[in-house]
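So the structure is just underneath, and the comments pick up after that.
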Amino acid sequence: MNWLRKLERKFGKYAIPNLPLMIMICYGFGYVMNYLKPEWTYFVTLNPYAILHGQVWRLFTWVLVPEINNGFGFMGIFFVCIFLWFYYSIAKNLEMAWGKFMFNIFFFSGIIMTIVGAFLLFGYFSIFNPDFVKAFETAAALQNGECSKILGGNWFYFFMSSSFSTYYLNLSIFLAYALTYPNMRVLLFFIIPIKVKVLGIIYIIVLVFNILQTFVFGGVDIGLIELVAVGSSLLNVFVFFMILRNSGVKRFKEIKRQKEFAKKINKAQAPSQTQQLIRHKCSICGQTDVSNPSLTFRYCSKCNGNHEYCNEHLFTHQHIQ
């Protein structure tokens with residue numbers, strides 16, 4: 001998987017720094033807009049029919065739609081803040097473990113796969129199953145009237161777009177975190193300590209149950225929408241996990257082992273002895289294998305002298321002649 005390293009060397013400098021914070025700011029904006037003007041979501045969801053009819057901004061704005069709507073009372077604000085902080089913390093940990101470039105690739109690949117899934121569904125229903133779309137449209141029109149342009153101009157595709165949300169993007173981040181730090185503990189309901197790998201398994205079981213329930217009570221076509229919406233949004237977790245396992249990027253177990261080793265060393269050694277434990281130090285940022293055990297350090301063969309760099313600066317520094 002040297003192609004990953006080649007991509008990082010060539011495009012790593014363009015990676016968005018502190019992407020987790022930007023993601024949470026976008027989510028926060030979505031919650032505020034949902035409070036001020038709840039109907040705004042009708043105009044920004046991932047609706048392929050509307051996109052192909054000129055509303056191209058939906059390709060980007062659907063990631064602003066909040067996954068839950070708790071209102072903005074005291075408890076609503078409290079739970080939104082907890083939600084944003086929790087996902088920011090796990091996303092930030094992933095960014096630190098993988099590096100900015102890899103986390104960027106992971107998050108944006110999830111967005112792209114979700115968009116592709118939505119358009120594949122649109123192609124299936126518009127080409128191979130138009131009768132179902134017409135029947136749905138007729139029933140919805142009788143009950144609600146003609147679908148307005150702001151909703152996308154088609155009741156069925158407006159309904160389908162509601163299945164694609166940031167919920168599964170956030171879940172992909174959580175599942176990736178559970179794979180990276182499976183034994184990390186969180187407080188369920190702020191009281192019960194539970195390992196994230198257990199929560200990940202519970203999430204998967206609930207997803208499978210919901211998909212099966214949709215097939216049973218909604219029929220094959222509605223169940224297919226739910227299956228594609230879930231599968232396309234979470235596919236990046238499987239793909240990225242397989243890539244990281246076989247690439248030059250540190251494996252999940254290696255990251256965990258290094259962090260545990262660093263904790264044991266810090267407990268066993270006095271603060272005055274910490275400097276003696278440093279084996280590697282980046283010539284650019286000054287980070288060491290003690291201050292940040294998740295980093296990889298290498299010497300540059302093109303620099304004169306022995307100059308060592310962390311993996312974030314190995315391919316981006318100016319060579320010393």
Side-chain angles (χ1 to χ4, degrees), residues 1-8 11-12 15-16 19-20 23 46 59 62-63 67 86-87 89-124 160 163-184 186 194-215 223-257 294:
M1 292 295 178
N2 291 330
W3 61 274
L4 263 178
R5 286 300 188 188
K6 292 180 181 178
L7 282 177
E8 187 170 9
F11 302 107
I16 300 175
L19 180 60
I23 295 171
L46 182 57
L59 286 170
W62 68 274
V63 297
E67 63 179 72
F86 174 73
Y87 274 101
S89 62
I90 64 176
K92 189 63 179 177
N93 282 333
L94 286 179
E95 185 186 52
M96 293 174 61
W98 296 351
K100 294 188 291 289
F101 179 77
M102 292 300 173
F103 182 77
N104 274 240
I105 292 292
F106 173 78
F107 181 74
F108 288 113
S109 65
I111 291 178
I112 293 172
M113 290 178 184
T114 303
I115 294 174
V116 170
F119 274 89
L120 286 177
L121 274 178
F122 172 78
Y124 167 75
M160 191 181 79
S163 299
F164 295 90
S165 70
T166 57
Y167 173 76
Y168 298 121
L169 283 180
N170 291 334
L171 183 55
S172 71
I173 294 176
F174 177 79
L175 292 178
Y177 181 80
L179 288 170
T180 308
Y181 305 103
N183 294 314
M184 185 70 71
V186 296
I194 185 172
K195 293 183 178 180
V196 292
K197 66 180 180 182
V198 177
L199 282 179
I201 294 173
I202 293 174
Y203 266 123
I204 295 298
I205 293 175
V206 171
L207 281 178
V208 172
F209 176 78
N210 287 340
I211 292 173
L212 293 177
Q213 189 179 42
T214 305
F215 272 101
L224 182 63
I225 294 175
E226 184 71 11
L227 177 63
V228 173
V230 175
S232 61
S233 299
L234 300 185
L235 183 60
N236 64 329
V237 178
F238 174 77
V239 172
F240 212 73
F241 176 69
M242 296 305 296
I243 289 175
L244 288 181
R245 287 185 61 189
N246 300 286
S247 69
V249 180
K250 287 186 179 182
R251 298 185 181 186
F252 299 129
K253 292 183 179 180
E254 181 183 354
I255 295 171
K256 177 177 177 293
R257 185 171 60 251
S294 65

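Pairing each heavy atom of Ser232 with each of Gly117, the nearest pair is CB-CA, 4.0 Å. Closest heavy-atom contact between Lys195 and Pro182: CB-O, 3.8 Å. Smallest separation of non-hydrogen atoms from Glu95 and Leu19: OE2-N, 3.4 Å. Here the closest heavy-atom approach between residue Leu59 and residue Ile115 is recorded as O-CD1, 3.6 Å. Contact between Val196 and Tyr177 at its shortest, heavy atoms only, is CG1-CE2, 3.9 Å.
To the nearest 0.5 Å, atoms OG (Ser163) and CG (Leu227) are separated by 11.5 Å. Atom CG of Leu175 sits about 9.5 Å away from atom CG of Asn236, to the nearest 0.5 Å. Atoms CE and OG1, from Met96 and Thr180 in turn, are 13.0 Å apart once rounded to the nearest 0.5 Å. In this structure, CD1 on Ile211 lies 13.0 Å from CD1 on Ile225, to the nearest 0.5 angstrom. Atom CG of Leu235 and atom OH of Tyr168 lie 15.0 Å apart (nearest 0.5 Å).
Leu207 places a side-chain heavy atom less than 4.5 Å from the side chain of Leu234. With contacts defined as side-chain heavy-atom distances shorter than 4.5 Å, the pair Leu121/Phe164 qualifies. Leu120 places none of its side-chain heavy atoms less than 4.5 Å from the side chain of Val228. Between Phe174 and Leu199, some side-chain heavy-atom pair lies under the 4.5 Å cut-off. Here the side chains of Trp62 and Leu169 are in contact, with some heavy-atom distance below 4.5 Å.
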Which atom pairs, donor and acceptor, lie under 3.5 Å between side-chain atoms of residues 106-113 and protein residues at least two apart or in another chain?
residue, atom, partner, partner atom, Å
Ser109, OG, Ile105, O, 2.9
Ser109, OG, Phe106, O, 2.7

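Residues meeting the side chain to side chain donor-acceptor pair (under 3.5 Å) test with Thr114, sequence neighbours left out: Ser233.
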Could you go step by step and tell me if Leu94 and Ile90 meet the side chain to side chain contact (heavy atoms under 4.5 Å, CB included) rule?
CA-CA 6 Å; Leu94 286 179; Ile90 64 176; 5.8 Å; no
So Ile16 and Lys100, side chain to side chain contact (heavy atoms under 4.5 Å, CB included) or not? Walk me through it.
CA-CA 7 Å; Ile16 300 175; Lys100 294 188 291 289; over 6 Å; no
